[in-house]
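Below is one structure, written out as structure tokens, with a few remarks after it.
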There are 2 protein chains.
Amino acid sequence: MANTDRSPHTPGRPRGREARYGNRPTMKDVAARAGVGLKTVSRVVNSEPGVTPDTERRVQEAIESLGFRRNDSARVLRKGRTASIGLVLEDLADPFYGPLSRAVEEVARAHGALLINGSSAEDPDREQELALALCARRVDGLIVIPAGHDHRYLEPEIKAGVATVFVDRPAGRIDADTVLSDSFGGARAGVAHLIAHGHRRIGFIGDQPRIHTAVERLRGYRTAMRDAGLTVSDDWISLGSTAPERVRSAVEGMLSGPEPVTALFAGNNRVTVTAVRALAGSERRTALVGFDDIELADLLGITVIAQDAAALGRTAAEQLFRRLDGANGEPVRVALETVLIPRGSGEIRPPGGRPDPVTPPVR
Amino acid sequence: MANTDRSPHTPGRPRGREARYGNRPTMKDVAARAGVGLKTVSRVVNSEPGVTPDTERRVQEAIESLGFRRNDSARVLRKGRTASIGLVLEDLADPFYGPLSRAVEEVARAHGALLINGSSAEDPDREQELALALCARRVDGLIVIPAGHDHRYLEPEIKAGVATVFVDRPAGRIDADTVLSDSFGGARAGVAHLIAHGHRRIGFIGDQPRIHTAVERLRGYRTAMRDAGLTVSDDWISLGSTAPERVRSAVEGMLSGPEPVTALFAGNNRVTVTAVRALAGSERRTALVGFDDIELADLLGITVIAQDAAALGRTAAEQLFRRLDGANGEPVRVALETVLIPRGSGEIRPPGGRPDPVTPPVR
DNA sequence: TAGAGCCTGGACAACGTTGTCAGGTGGTTG
DNA sequence: CAACCACCTGACAACGTTGTCCAGGCTCTA
């Protein structure tokens, strides 16, 4: 009868090794096999000094024959850093976010960190759920493309040391590092470009008004129109979902009616694509400038306001790691320039319009 | 003189709380604050039964006032499952992989798991480094789009219980679940389509020959040509990098020379894009069919062999979770159908070619 | 040859959580 | 009134790793 003097609260029989990680060897197993102490294995695995070449060889052999791989979960628990960062974006399938995510990944890789992405699908609840799940995993930092407008839920996390950077849209109700494109300036320049080519009735089709960039771009549109002394009709403005049906009917609405527009400004890449399709079916040649560059837009001759998605991601990630490396100061706000790329569609003149005397301003 | 009876190996003074996770409260802190035991907090956090409403309320209050969030690293260590899966792909910025990744994410989400992606940049070493890093994080499963041809390095991991599925390209030297598109069949159908429209001299421009899909598509091309009784000249085939310069010069080479091709088959989306650009500058109308659909290809009238990237990702992820749910049996191999979408560029007839008597086969 | 110093290796606790078991309380039943 | 039961709560160990400290063997010097 062994084990008479068990401690008062003996746990049940320990679960067999087979229940965990499908029976993975641990450092203890490696140590036993190599005939050394546990800590020596740890030293070898982490390339720490103080191990004789001979011992190291024995340990390496044991590692290989057992197929050991360090359990980073345990390591994280002990060290307090996970070497991973989280990225919450809208939709990884959107060609705008792919390059952004990739740029973040490259910076993370340079800092030895892995990237966990999640798509919010433009749903604030899902954004919060994702961001908090990443915090529970103890990511070292968080890059968020906001879907919602209230990020106070992140305050405890930030206070607890999770570096946080917002990209593409500003944070709501908290003060934090932010990297944006100049939506306002870009849209203003694009609309001014159309005006310079003789257009007076210009339509604006944008994303939902709860999205910051949509509002900013609309503001750019209004400013350009006002600067040119043009009055804007409500019929020329349409904000809402970027679903193809919605955009298509908006385009058709603006082109019919008593006072049809002669040019369109598309608020983002989704809108541009659908607008181009809608216009392709029309016999009238309508001018178009779109926000965001699109692949093959060069061949289709679509004039765009290009923003650099990769630069957004890279800049945000660099700021994040600056914080992780100890930079603490006031929140930083960066706005990246946009570039107008004339390719033809934005240089179409209105019906009956005469050639313009001045060269259009191209930024 | 306190602490006379310290244990023999007294560790140094414990690091202050501030050094870890930036001073985060733990369940112990919550328990102290709520005046309950540690385990009771755990029960509340995990919604386990057996807690009085009153106790639960006290604990909840303590959680909120402290801003507590469960440390999933510790949880993982204890439970042995991370509820996360890894995806190793080539380049998240490629419009083919964005939707694939997103589809995987959606399936993971439905199973309560997070997704960690990494880009291999088509480098076998980097693929291995990434995959093993993910294994060290103890992801429950791994989806790999192989860059290399030898995946024996994953054997210990798979044996240890990491469910693994290969997508888009088969695994090398190991037997594992695989989800592919029918590259061979798709390419054969595309080339047959060109032949049916009267072409006899057809060029093939593909990716590097070490990539499985590139080879399969070339095989499809050769088979279609042979089936039609056509001899293929070496000058009509070009495999290599998808860098624009390389592809452009391949196109130019095939169109000049004594025996210029009258049609091109482009081996993937990157090649198609560059080929379209190159052909746009030529006055000759050259027929083109591309593998992979591209955004706006409809407007440009590009005939393609479309594969469904999202379906690839979804199918692979579903198979992965089937394994994680206990399915064990022989490795499964799935090949997804491709679809030929005629849009004009593939229906251009060769110079001097007469209308074809038979309807072209469209799959 | 003895003493000092260096190098290597190992024992132990701790990271924050969860599974197991035992103790306590209050109510019901025989 | 005693015995029992159901329910709630908490003590403890364990998950696999790393940081700290000590022990022992070795080399080098005086």
Side-chain angles (χ1 to χ4, degrees), chain A residues 6-21 23-32 34-56 58-59 66 68-82 136-138 160, chain B residues 6-17 19-21 23-32 34-56 58-59 68-82 136-138 160:
Chain A
R6 294 155 84 187
S7 59
H9 300 285
T10 309
R13 45 183 160 14
R15 280 186 293 165
R17 295 290 320 282
E18 70 287 356
R20 308 186 55 77
Y21 302 122
N23 196 10
R24 274 186 169 272
T26 71
M27 285 192 179
K28 202 168 153 187
D29 301 326
V30 174
V36 302
L38 176 56
K39 182 63 214 217
T40 300
V41 177
S42 172
R43 273 191 271 262
V44 171
V45 169
N46 295 295
S47 312
E48 285 171 27
V51 181
T52 349
D54 181 59
T55 310
E56 171 163 3
R58 287 216 317 286
V59 172
L66 291 174
F68 167 81
R69 186 164 313 284
R70 183 180 62 197
N71 184 333
D72 276 355
S73 298
R75 172 168 226 253
V76 158
L77 179 60
R78 188 64 232 255
K79 305 204 76 148
R81 281 277 174 126
T82 55
R137 301 283 169 121
R138 294 295 186 269
Chain B
R6 293 155 82 189
S7 60
H9 302 284
T10 309
R13 47 186 156 15
R15 280 184 295 166
R17 296 291 318 284
R20 307 185 55 77
Y21 300 124
N23 196 10
R24 274 187 169 272
T26 70
M27 285 192 180
K28 202 167 154 187
D29 302 325
V30 174
V36 301
L38 176 57
K39 182 64 213 217
T40 301
V41 177
S42 171
R43 272 191 273 261
V44 171
V45 169
N46 296 295
S47 313
E48 287 171 25
V51 181
T52 345
D54 181 59
T55 310
E56 172 162 4
R58 286 217 317 286
V59 172
F68 167 81
R69 187 164 312 285
R70 183 180 63 198
N71 184 332
D72 276 357
S73 298
R75 173 170 226 252
V76 158
L77 179 60
R78 187 65 231 255
K79 303 203 76 147
R81 279 281 174 119
T82 56
R137 301 283 170 121
R138 293 296 188 271

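Hydrogens, waters and symmetry mates play no part in the numbers below; they use all other heavy atoms, side chains included.
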Can you check whether [X] has a side-chain N or O nearer than 4.0 Å to OP1 or OP2 of [N]?
X       : N      : answer
A/Lys28 : D/dT17 : no
B/Arg75 : C/dT18 : yes
A/Ser73 : D/dC15 : no
B/Thr55 : D/dT9  : yes

Is there a residue in residues 38-47 of chain B whose heavy atoms reach under 4.0 Å of DNA chain C, and which residues are they?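 Contacts with DNA chain C under 4.0 Å: B/Leu38, B/Lys39, B/Ser42, B/Asn46.
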
Return yes if the base of D/dT18 and the side-chain atoms of A/Arg78 contain a donor-acceptor N/O pair under 3.5 Å, otherwise no.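 Side chain to base: pair found, below 3.5 Å.
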
side-chain hydrogen bond (donor to acceptor under 3.5 Å, both in side chains) partners for A/Arg137, two or more places apart: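 Partners of A/Arg137 by the side-chain hydrogen bond (donor to acceptor under 3.5 Å, both in side chains) criterion come out as none, since no residue qualifies.
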
Does B/Val36 or B/Ala74 map to a spot on DNA chain D nearer the 5' end, using the closest nucleotide for each?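 Nearest-nucleotide comparison on DNA chain D picks B/Val36.
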
In whole angstrom, what separates [X]'s [atom1] from [N]'s [atom2]?
X        : N      : atom1 : atom2 : answer
B/Met27  : C/dA14 : CE    : P     : 20 Å
A/Glu56  : C/dG10 : CD    : C1'   : 17 Å
B/Arg69  : C/dT17 : CZ    : C1'   : 16 Å
A/Arg137 : C/dT17 : CZ    : P     : 14 Å

Excluding sequence neighbours, so at least two apart, what forms side-chain contact (heavy atoms from CB on, under 4.5 Å) with A/Asp54?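 Only A/Arg57, A/Arg58 meet the side-chain contact (heavy atoms from CB on, under 4.5 Å) criterion with A/Asp54.
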
List the residues meeting side-chain contact (heavy atoms from CB on, under 4.5 Å) with B/Ala136, not counting sequence neighbours, and say none if there are none.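 A/Arg69, A/Asp72.
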
Looking at every heavy atom in both B/Asn46 and B/Arg75, which two are closest together, and how far apart are they?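 For B/Asn46 versus B/Arg75, the nearest heavy atoms are OD1-NH2, 3.3 Å.
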
Given axes from five pairs at either end, by how many degrees does the helix from C/dT1-D/dA30 to C/dG30-D/dC1 bend, rounded to 10°?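 If I round to tens, the end axes sit 50° apart.
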
Side-chain heavy atoms of A/Lys39 within contact of A/Glu48, under 4.5 Å: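 SC-SC contact between A/Lys39 and A/Glu48 confirmed.
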
